[in-house]
Amino acid sequence: MSLPAWVVHIDMDCFFVSVALLSRPHLRGKPIAVAHGSGSGPSGEISCASYEARAFGIKAGSFMTSAKEKCPDLVICPYEFEKYQNISEQVYRLIHQVTAQVEALSVDEAFIQVSAEVSV
């Protein structure tokens, strides 16, 4: 008899902002966004926004000009690809302790398959 199995979607919301805050704890609780470069260009696009920034209507895909109009105190952090990779690898190691059935979609998103015999 086989045990029931479930496919679980893991989406690490605010992953890029969370990684940025690891080295910038003084920014916790403030509206933060991650964007390419300094984000100073008018056509710059936000890739991730903190919950505090989202309260102003800022989200992934928002243009910088619009985001700064909505929230003049918005802090822009640059991409930190090496840090994302390192943190993501740590998270995926933990996930693999639960199941070997992992389909990684990106550094912050995956599908995993778990069965009733898994206990966390």
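Bear in mind the structure is a predicted one, so any value in this text is a computation, not a measurement.
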Evaluate the side-chain proximity of [Y] to [X]: yes if any heavy-atom separation is below 4.5 Å, no if none is.
X	Y	result
I112	Q101	no
Y51	C14	yes
F111	L105	yes

Please report the closest heavy-atom contact between [X] and [Y], naming both atoms and the distance.
X	Y	answer
S88	F15	N-CZ, 4.0 Å
W6	S115	CZ3-C, 3.8 Å
S62	G57	OG-O, 4.3 Å
Q113	T99	O-OG1, 2.7 Å

At what distance, to the nearest 0.5 angstrom, does [atom1] of [X] lie from [atom2] of [Y]?
X	Y	atom1	atom2	answer
I46	S66	CD1	OG	8.0 Å
K70	T65	NZ	OG1	11.5 Å
D108	D11	CG	CG	6.0 Å
C48	Y84	SG	OH	7.5 Å

Set of residues satisfying side chain to side chain contact (heavy atoms under 4.5 Å, CB included) with respect to [X], sequence neighbours excluded:
X	result
E82	N86
S47	F16, V34, Y79
Q85	E89
A53	P31, A49, S50, I58, L74

(message) Show me the pairs that pass salt bridge (charged side-chain N to carboxylate O under 4.0 Å, His left out) and involve residues 50-61, at least two apart or across chains.
(response)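 Counting only pairs at least two positions apart or across chains, the salt bridge (charged side-chain N to carboxylate O under 4.0 Å, His left out) contacts touching residues 50-61 are D13-R54.
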(message) Considering only residues two or more places apart or on different chains, which pairs with a residue in residues 22-32 satisfy salt bridge (charged side-chain N to carboxylate O under 4.0 Å, His left out)?
(response)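 Those involving residues 22-32 are R24-E80.
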(request) Treat each ILVMFWY residue as a node, draw an edge where side-chain heavy atoms are under 4.5 Å apart, and state whether L22 and V17 are in one component. (result)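 Yes, it is one cluster - the side chains of L22 and V17 are joined through contacts under 4.5 Å.
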(request) Flag yes if Y92 and V7 sit in one hydrophobic cluster, no otherwise; membership is Ile, Leu, Val, Met, Phe, Trp, Tyr, and two members link when side-chain heavy atoms are under 4.5 Å apart. (result)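 Y92 and V7: separate clusters.
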(request) With sequence neighbours excluded, tell me which residues meet side-chain hydrogen bond (donor to acceptor under 3.5 Å, both in side chains) with H9. (result)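 So H9 forms a side-chain hydrogen bond (donor to acceptor under 3.5 Å, both in side chains) with E109.
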(message) Using a 4.5 Å cut-off between side-chain heavy atoms of Ile, Leu, Val, Met, Phe, Trp and Tyr, which other residues end up in the same hydrophobic cluster as L94?
(response)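 So far as hydrophobic clustering goes, L94 is joined with none.
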